[in-house]
Participant: 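Pasting a structure here, questions to come.
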Amino acid sequence: MKVVVIGAGIIGLLTALRLKQQGVDVVVLEKGKVAQESSWAGAGILCPIHPWLYPDSFTDLVNASLDLYPDLQAELEAETGHDIQRIKSGLLIPCFADDKVKHQEDAQTWSDKFAWDMQRLTPTQAVEKEPTLSAHVVEALLWSDVYQVRNPELLRAVLLYLRKLGVDVIEDCEVSQLLEDKASNICGVKTVQSETYAADAVLLAAGSWSANLTQQSGFKLPVQPVKGQIVLLKTKPNTLKHIIKHDDAYFVPRKDGRILVGATMENVGFERSNTVEALDELLAATQKLVPGLKDAQVEQQWVGFRPGSPDGLPFLGKMPSKKGLWVATGHYRNGVALAPITAKVMADWICGAQPSLNMDAFSPNRPMKESIFVGYPKEQ
Ligand SMILES: Cc1cc2nc3c(=O)[nH]c(=O)nc-3n(C[C@H](O)[C@H](O)[C@H](O)COP(=O)(O)OP(=O)(O)OC[C@H]3O[C@@H](n4cnc5c(N)ncnc54)[C@H](O)[C@@H]3O)c2cc1C
């Protein structure tokens, strides 16, 4: 069996790995350079932002994915010697008297329902855990079992493993067309260089760009880029211990002392510039939430495009209207967390096995409901 994967982000690469391990002849085609888009830019928090805003089927998918991470980490380390820096940082949500949305009760209900251990901390306990935190905190929610991964390192390890297994990942190779046979089934792809790649199945894992190709083939997949800007601060290791998350911003402390401050949510298409407004916004949030970081030096700022979907859920499965075409895209804010289960489900499915989870909620053909809480942000 031959499969073409379109897109070398975490979704395309990890699925290609799982396909290869099942004996599939797989090639990955990438329009730019490998692993440089959303999967590189993201923060690597292995827990959705406010998971209680999503349907239960989403939490089931997340839990199944997070369960696969320890084995994935061990496998990548054994096969490549590469440390993906998956660390149990814990996640702390500080609450303030003037918060626009009070998350406490929904967070508690969700945590109880899905057996995620959550503690409610007094202001004194919160500041004891994180001394750089604002003194104006009125309460804090703590999930001690939340992990992060350093996503560029994860991508590097997956790529090394793919190369070891002899999988071709071809850069500067933009797919411009899905090819159809006489029965109108998808039978391969054509690139902008006019090369063709024949395939028994094509997996569309093109992140924010996924809608372009489906549109040409006459069907709609409503994936839209949601621009996110991140600012990188340089501090000493352990200045911050936990991932801190608030509606205004989140803070992800890396092992080497760097702290990611993210991220804007912008509905501006593929506009790639780093803006002063975003820098100011994220630094103002730092000042308010963790004023103890005020002397940290700004080292870098970058942009990524989350593959957004109207309801915030990914599109996973086959396109009912096009035999031979599979999609794994629209992972929005959660693609790094969801990559292990996406890769497993998609590889098994393409190879003929039914997924063990109910995937109806993620069908590319599902009735689409826009969610003001988790879907696309408002137009700017
Ligand atoms: C600022 C920010 C913070 C985030 N934080 C987190 C987080 O903390 N936790 C989490 O789980 N997720 C997070 N995410 C989301 C996560 O990064 C994405 O959901 C995930 O990376 C999507 O992976 P992907 O492989 O689908 O897309 P991408 O990584 O964007 O990869 C798609 C690839 O397809 C290629 N491509 C597109 N069109 C074509 C074509 N026609 N031919 C060939 N190649 C093509 C692109 O060049 C790209 O390399 C964040 C994202 C951003 C931007």
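Atoms within a ligand are numbered from 1 in the order they appear, just like the ligands themselves.
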Participant: Regarding Lys241 and Glu128, does a basic nitrogen lie under 4.0 Å from an acidic carboxylate oxygen?
Facilitator: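 Looking at Lys241 and Glu128, the cut-off is not met.
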Participant: Show me which atoms of ligand 1 lie under 4.0 Å from any heavy atom of Ile10.
Facilitator: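 Near Ile10, the atoms of ligand 1 are 23 (O), 25 (O).
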Participant: Output yes when Lys164 and Glu75 qualify as a salt bridge under the 4.0 Å nitrogen-oxygen rule, no when they do not.
Facilitator: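 Result for this pair is no, no salt bridge flagged.
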Participant: Is Leu213 touching ligand 1 with its side chain, its backbone, both, or neither, if touching means heavy atoms under 4.0 Å apart?
Facilitator: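 It is the side chain that gets close, since no backbone atom is under 4.0 Å.
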Participant: Any N or O on Gly304 sitting closer than 3.5 Å to an N or O of ligand 1?
Facilitator: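 Between Gly304 and ligand 1, no N or O pair is found under 3.5 Å apart.
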Participant: At a non-hydrogen distance cut-off of under 4.0 Å, which region of Ile230 contacts ligand 1 (side chain, backbone, both, or neither)?
Facilitator: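 The part of Ile230 near ligand 1 is the side chain, not the backbone.
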Participant: Could you tell me which atoms of ligand 1, counted from 1 in the order shown, lie closer than 4.0 angstrom to a heavy atom of Cys173?
Facilitator: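 Near Cys173, the atoms of ligand 1 are 43 (C).
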Participant: If you have a sec, work out which protein heavy atom is nearest atom 50 (C) of ligand 1 and how many Å separate them, to one decimal?
Facilitator: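 Looking at atom 50 (C) of ligand 1, the protein heavy atom closest to it is Gly42 CA, 3.6 Å.
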Participant: Nearest protein heavy atom to atom 15 (C) of ligand 1, by residue and atom, and its distance?
Facilitator: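 The closest one turns out to be Tyr332 O, 3.0 Å.
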Participant: What I'd like to find out is whether the side chain of Met346 reaches to under 4.5 Å of the side chain of Arg18, using heavy atoms alone.
Facilitator: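 The answer is no; the side chains never approach within 4.5 Å.
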Participant: In terms of residue, atom name and distance, what is the protein heavy atom nearest to atom 18 (C) of ligand 1?
Facilitator: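 Protein heavy atom at minimum distance: Ser38 OG, 3.4 Å.
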Participant: Can you tell me the protein heavy atom closest to atom 34 (O) of ligand 1 and the distance?
Facilitator: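 Atom 34 (O) of ligand 1 sits closest to the protein heavy atom Gly7 CA, 3.2 Å.
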Participant: For atom 23 (O) of ligand 1, tell me which residue out of Gly9, Ala337, Ser39 has the closest non-hydrogen atom.
Facilitator: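 That would be Ser39.
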Participant: Students often mix this up, so state it plainly: with edges at 30° and 60°, are the rings of Trp110 and Trp116 parallel, tilted or perpendicular?
Facilitator: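 The arrangement is tilted - the two ring planes meet at 30° to 60°.
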Participant: Atoms of ligand 1 less than 4.0 Å from Gly207 heavy atoms?
Facilitator: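 Within the 4.0 Å cut-off of Gly207, ligand 1 contributes 26 (O), 27 (O), 32 (C).
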Participant: Which of the numbered atoms in ligand 1 are under 4.0 angstrom from any heavy atom belonging to Glu174?
Facilitator: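 Under 4.0 Å from Glu174, ligand 1 has these atoms: 41 (N), 42 (N).
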Participant: List ligand 1 atoms under 4.0 Å from Ile45, heavy atoms only on the residue side.
Facilitator: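 Those qualifying, in numeric order: 7 (C), 8 (O), 9 (N), 10 (C), 11 (O).
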Participant: Is there side-chain contact between Trp40 and Pro152, with at least one heavy-atom pair below 4.5 Å?
Facilitator: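 In contact.
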Participant: Any heavy-atom pair between the side chains of Trp326 and Trp349 that's under 4.5 Å?
Facilitator: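 Counting from C-beta outward, Trp349 and Trp326 do come under 4.5 Å.
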Participant: Check Lys100 with Asp247, please: is the shortest side-chain N to carboxylate O separation under 4.0 Å?
Facilitator: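 Looking at Lys100 together with Asp247, the answer is no, because their closest N to O distance does not fall below 4.0 Å.
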Participant: Enumerate the atoms of ligand 1 whose separation from the nearest heavy atom of Ile6 is less than 4.0 angstrom.
Facilitator: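 In order of number, 40 (C), 42 (N), 43 (C).
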Participant: In terms of side-chain geometry, is the basic nitrogen of Glu105 or Arg120 positioned less than 4.0 Å from the acidic oxygen of its partner?
Facilitator: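 Salt bridge: yes.
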Participant: What's the shortest distance from atom 41 (N) of ligand 1 to any protein heavy atom, and which residue and atom give it?
Facilitator: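 Minimum-distance protein heavy atom for atom 41 (N) of ligand 1 reads Val175 O, 3.0 Å.
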Participant: Return yes when atom NZ of Lys190 has more than 12 non-hydrogen atoms of other residues, nucleotides or ligands closer than 6.0 Å, and no otherwise.
Facilitator: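 Result for NZ/Lys190: open.
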Participant: Closest non-hydrogen protein atom to atom 48 (C) of ligand 1, residue and atom name please, with distance?
Facilitator: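 Here the closest protein heavy atom is Glu30 OE1, 3.4 Å.
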Participant: Got the closest protein heavy atom to atom 12 (N) of ligand 1, with its distance?
Facilitator: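 Result for atom 12 (N) of ligand 1: Arg333 O, 2.9 Å.
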Participant: Check the orientation of Trp52 and Trp143. Use parallel for under 30°, tilted for 30 to 60°, and perpendicular for over 60°.
Facilitator: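 Judged by the thresholds at 30° and 60°, the geometry between Trp52 and Trp143 is parallel.
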Participant: Can you report which non-hydrogen protein atom sits closest to atom 39 (C) of ligand 1, along with the distance?
Facilitator: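 Result: Lys31 CD, 3.8 Å.
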Participant: I'd like to know whether ligand 1 has Tyr250 as a neighbour, heavy-atom separation below 4.0 Å.
Facilitator: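 In this structure, Tyr250 qualifies as a contact of ligand 1 - some heavy atom is under 4.0 Å.
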Participant: Hey, what do you get for NZ (Lys88) to CD1 (Ile243), rounding to the nearest 0.5 Å?
Facilitator: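 If I round to the nearest 0.5 Å, the distance is 12.5 Å.
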Participant: Can Gly44 be said to touch ligand 1, with heavy atoms closer than 4.0 Å?
Facilitator: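 Heavy atoms of Gly44 do come under 4.0 Å of ligand 1.
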Participant: I need the Thr329 OG1 to Leu213 CG distance, nearest 0.5 Å.
Facilitator: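 Atom-to-atom, Thr329:OG1 and Leu213:CG are 10.5 Å apart.
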Participant: Under 3.5 Å, which donor-acceptor pairs do the side chains of residues 193-200 form with other protein atoms, sequence neighbours left out?
Facilitator:
from: Gln193; atom 1: OE1; to: Thr191; atom 2: OG1; distance (Å): 3.3
from: Gln193; atom 1: NE2; to: Asp172; atom 2: O; distance (Å): 2.8
from: Asp200; atom 1: OD2; to: Lys2; atom 2: N; distance (Å): 2.7

Participant: At a 4.0 Å cut-off, with the gap strictly under it, does some heavy atom of Ala205 reach an atom of ligand 1?
Facilitator: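 The answer is yes, since Ala205 has a heavy atom less than 4.0 Å from ligand 1.
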Participant: Just which atoms of ligand 1 are under 4.0 Å from any heavy atom in His331?
Facilitator: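 Close to His331: 19 (O).
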Participant: Show the atoms of ligand 1 that are less than 4.0 angstrom away from any heavy atom in Ile11.
Facilitator: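 Atoms satisfying the 4.0 Å criterion: 23 (O), 24 (P), 25 (O), 26 (O).
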Participant: Between Arg254 and Asp256, does any side-chain N to carboxylate O distance fall below 4.0 Å?
Facilitator: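 Judged by the 4.0 Å cut-off on N to carboxylate O distance, Arg254 and Asp256 do not form a salt bridge.
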